[in-house]
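These notes concern the structure reproduced below.
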Amino acid sequence: MMVATMKLIFVLAIVLFEGCFVSSSKESADPYSSKESADPVPYDYSANIECVKEAEKPLYGGGILKEAEAPSSAGGKKLLAEKSKSAPGKDCTLKVELKKDHHYALSAWLQLSKGTGDIRAVLVTPDGKFNTAGVIVAQSGCWTMLKGGATSYAAGKGELFFETNVTAEVMADGMALQPFSFKEWDGHRNEIITKERKKKVKITVQDASGKALEGAEVTLQRVGKGFPLGNAMTKEILDKPEYEKWFAARFKVATLENEMKWYSTEYHKNEEDYRVADKMVELAEKYNISLRGHNVFWDDQTAQMKWVSSLSVPQLKEAMAKRLKNVVSRYAGKLIHWDVVNENLHFNFFEGKLGDDASGQIFNDVSKLDSKPILFMNEFNTIEQPNDPAPLPTKYLAKLKKIRSFPGNGDLKYGIGLESHFATPNIPYMRGSLDTLAQAKVPIWLTEVDVTKGPKQVEYLEEVMREGYSHPAVKGLVLWGAWHANGCYVMCLTDNNFKNLPVGDVVDKLLHEWRASPDTAKTDAKGVFEAEVFHGEYNATIKHSSLKKPLVQTVDLDSSAEATVKATSPKSGY
């Protein structure tokens, strides 16, 4: 969880923008015409995280940028002729015609004329808003791909430009800006849900002798597995049966909000207390709720623990070894994940004390104590805030690559943890960033999803949840709506009587939608029932004239697409 003080966002500064170039090539045929078409344009989830010698062709044939032209210079098409100390010159801005209520997917290959720095893409919409559509780390000598975008809520003239925080020329190639109506965007989501979250299944019903039961009624009710959707919980759940009941009825994944953190288990040196965390782990086991371990080390909070921050390097290493051994070993085999290092793209307590390989060493130590959990680097603002330069997708991936390169870390089980604390979501940027992060080929989880209070909190939360659920690289989603009697972090799902608030209602709506079961149907002459279902574990209830009472059997439709239900004996029911 990020601290409230870090809500202040550092805006990318521009330091002497010398110039920018764009080069492009016309395609003889444009398969992704920006004109209205009866056939919707499919979204391209591809991305590239390598710095390559030759830029690739633009996605969507360039979209509405396919005709972008400017006078040639230096092998490209120069868009800025004069130096500017504060902003790109008018000749460096691409004029675009934007549509009302459309998401715009932006992609471009970028490089700097010298050195390394951040490049920011800005889409100015007709309502006068300057929308950061993406930021990447780029360098000279090779091309880096930016994926992102922004939304236009008004129709009319818009502008696209790039800027950097270093003294260098920005060059762009293979640019594309593709519009999608909100309806088309929802269509992409539905396509992925059908492909990634559902499957066609076949259940065969037989009698005790193995003979097909024709005309048997089959009803499915999901009881577990499937896409993991969870929530944070607090220690107050231990003393509130109504809280326990409310939580267990909805979620099969949980994160202890604070109770496993170092400052919760050993705020004063050598005064360890795991009693609360232990009881919460027992509660999760009671309901078969999978737990994420949050967290082993947190750079920011550790620095605020006076006894830790005052230690010498040898003393710190000793204290860390004790913490690692006691917390990781204590819960070994009981957790599906560990947030190994928390928010250390924003903070650097351990690297500052122990050197650049500190995080890699911590990952290595955790894996030796418990090899079961997926190991996460948990960070905020990577997908929710493009103007925060610290956790950009390219910087996140660079840090993950460094951790993986530490001796012995190559084959560890990694995950990408994205806290997802949103204010006003930029949905196209979120999707483009997930596309980029997906190239690491490890599971992505949205680990602490919430939206700050405001008139559109419910609407924004639903958009964020739908976008995360429908992205093919996202493997789980955990809300950060833990209940507190004295008020929640930023988002409460219920009141103090555990009656849903509007945000709780939208969560329940999505839970119901994503766990919906097909209507009851009868088996055919071969005793077969076929349907399209969400991944998961189901209770199959079978009714037939040959059965004395309904037959109920659990079938795993998460890992398999076929199951056989057999009655032990006719007229006996089981």
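We count residues from 1, following the sequence as given.
- With sequence neighbours left out, Ser420 forms a side chain to side chain donor-acceptor pair (under 3.5 Å) with no residue at all.
- Under the 6.0 Å cut-off for aromatic ring centres, Phe180 and His188 qualify, their centroids lying closer than that.
- Judged by distance alone, the side chain of Asn426 and the main-chain N or O of Tyr429 form a donor-acceptor pair under 3.5 Å.
- Between Tyr489 and His421, the ring centre distance stays below 6.0 Å.
- Phe380 and Phe347 have tilted rings, their planes meeting at an angle from 30° to 60° on a 0 to 90° scale.
- In this structure, the side-chain contact (heavy atoms from CB on, under 4.5 Å) partners of Asn486, at least two apart in sequence or on a different chain, are His484.
- In this structure Glu467 satisfies the salt bridge (Lys or Arg N to Asp or Glu O under 4.0 Å) test together with Arg189, Arg431, sequence neighbours excluded.
- No close placement of the His535 and Trp514 rings is indicated, their centers lying 6.0 Å or farther apart.
- When every heavy atom of Thr125 is checked against every heavy atom of Thr151, the shortest pair comes out as CG2-O, 3.7 Å.
- With sequence neighbours left out, the ring pair (Phe, Tyr, Trp, His ring centres under 6.0 Å) criterion links Tyr243 to Trp483, Phe498.
- Side-chain polar atoms of Asn500 and Asp508 form a donor-acceptor pair below 3.5 angstrom.
- In this structure, Ala440 and Leu400 approach most closely via the heavy-atom pair CB-CD2, 4.3 Å.
- Judged purely by atom type and a 3.5 angstrom limit, Lys261 uses its side chain to pair as donor or acceptor with the backbone of Glu257.
- For Lys413, the NZ atom is densely surrounded, since the number of other residues' heavy atoms within 6.0 Å is greater than 12.
- Taking the side chain as every heavy atom from C-beta outward, Trp445 and Val253 approach each other to under 4.5 Å.
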Worked check of side-chain contact (heavy atoms from CB on, under 4.5 Å) between Trp338 and Met260: CA-CA 11 Å; Trp338 264 119; Met260 276 190 187; 4.0 Å; yes

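- The main-chain N or O of Arg222 is never found under 3.5 Å from a side-chain atom of Lys225 such that the two would form a donor-acceptor pair.
- Residues satisfying the side-chain contact (heavy atoms from CB on, under 4.5 Å) test with Glu159, not counting sequence neighbours, are Thr93, Lys95, Val124.
- The aromatic ring centroids of Tyr153 and His102 lie 6.0 Å or more from each other.
- Closest approach of Asp173 and Ala55 over heavy atoms only: OD2-CB, 3.7 Å.
- Side-chain contact annotation: Asp339 with Asn295, donor-acceptor N/O pair under 3.5 Å absent.
- In this structure, Asp127 contributes its side chain and Lys129 its backbone to a donor-acceptor pair below 3.5 Å.
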Stepwise side chain to side chain donor-acceptor pair (under 3.5 Å) check, His346 with Asp388: CA-CA 10 Å; His346 282 93; Asp388 183 349; 2.7 Å; yes

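- In terms of modelled atom types and a separation under 3.5 Å, the side chain of Glu459 and the main chain of Lys456 share no donor-acceptor contact.
- Contacts classified as disulfide bond (SG atoms under 2.5 Å apart) and involving residues 442-499 (residues at least two apart or in different chains) are given here: Cys488-Cys492.
- Panel note: side chain Tyr396, backbone Gly417; a donor-acceptor pair is recorded below 3.5 Å.
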From CA spacing to verdict: side-chain contact (heavy atoms from CB on, under 4.5 Å), Leu65, Val96: CA-CA 8 Å; Leu65 299 183; Val96 288; 3.6 Å; yes

Arg323/Thr265 under side-chain contact (heavy atoms from CB on, under 4.5 Å): CA gap, chis, key distance, verdict: CA-CA 9 Å; Arg323 162 67 177 173; Thr265 60; 3.1 Å; yes

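- In this structure, Ser152 and Tyr104 approach most closely via the heavy-atom pair CB-CE1, 4.0 Å.
- Within the 3.5 Å criterion, the main-chain N or O of Lys499 finds a donor-acceptor partner in the side chain of Asp495.
- The closest side-chain heavy-atom distance from Val490 to Lys453 is not below 4.5 Å.
- Across all their heavy atoms, Ile193 and Ser470 have their closest contact at CG1-CB, 4.1 Å.
- A cation-pi contact, defined as under 6.0 Å to the ring centre and within 45° of the axis, links Arg292 to Phe376.
- Considering only heavy atoms from C-beta on, Lys147 stays 4.5 Å or farther from Pro393 through its side chain.
- With sequence neighbours left out, the salt bridge (Lys or Arg N to Asp or Glu O under 4.0 Å) criterion links Glu351 to Lys399.
- Legend: residues meeting ring pair (Phe, Tyr, Trp, His ring centres under 6.0 Å) with Phe534, ordered by chain and number and at least two apart, are absent.
- Aromatic ring centres of Phe297 and Phe350: separated by under 6.0 Å.
- Residues Ile416 and Leu397 form a side-chain contact, since some pair of their non-hydrogen atoms from C-beta on lies under 4.5 Å apart.
- Checked against side-chain contact (heavy atoms from CB on, under 4.5 Å), Ala398 has no partners two or more places apart in sequence or in another chain.
- Shown here is Lys235, whose NZ atom has no more than 12 heavy atoms of other residues, nucleotides or ligands within 6.0 Å.
- Side chain of Glu379 to main chain of Leu345: a donor-acceptor pair is present (N/O by atom type, distance under 3.5 Å, no hydrogens or angles).
- For the residue pair Glu343 and Trp298, a side-chain donor N or O sits within less than 3.5 Å of a side-chain acceptor on the partner.
- When the side-chain contact (heavy atoms from CB on, under 4.5 Å) test is applied to Glu266, the partners found at least two apart in sequence or on another chain are Trp262, Asn270, Glu272, Trp307, Lys322.
- Ring geometry for Tyr43 versus Tyr60: interplanar angle of 30 to 60°, hence tilted.
- Under the salt bridge (Lys or Arg N to Asp or Glu O under 4.0 Å) criterion, Arg466 pairs with Glu462, Glu513, sequence neighbours left out.
- Asn48 is not listed as a side-chain neighbour of Thr436, based on a closest heavy-atom distance of 4.5 Å or more.
- Partners of Glu97 by salt bridge (Lys or Arg N to Asp or Glu O under 4.0 Å), not counting sequence neighbours, listed by chain and number: Lys157.
- Within the 4.5 Å cutoff, the side chain of Met145 has heavy atoms near those of the Leu59 side chain.
- Using a cutoff of 4.0 Å between basic side-chain nitrogens and carboxylate oxygens, Arg120 and Glu163 are scored as salt-bridged.
- Heavy atoms only, all atoms of each residue included: Gly481 and Asn231 are closest at N-OD1, 3.0 Å.
- Test Ile136, Leu112, Val166, Val137 against Asp118 for side-chain contact (heavy atoms from CB on, under 4.5 Å) and you get one pass: Val137.
- Residues Ile403 and Leu375 are not in side-chain contact: their nearest non-hydrogen atoms beyond the backbone lie 4.5 Å or more apart.
- Between His103 and Phe182, the ring planes lie tilted relative to each other; the angle falls in the 30° to 60° range.
- The backbone N or O of Asn258 lies less than 3.5 Å from a partner atom in the side chain of Ser264, making a donor-acceptor pair.
- For Thr382 (side chain) and Pro391 (main-chain N/O), a donor-acceptor pair under 3.5 Å exists by modelled atom type.
- Between Leu229 and Tyr469 the shortest side-chain heavy-atom distance does not fall below 4.5 Å.
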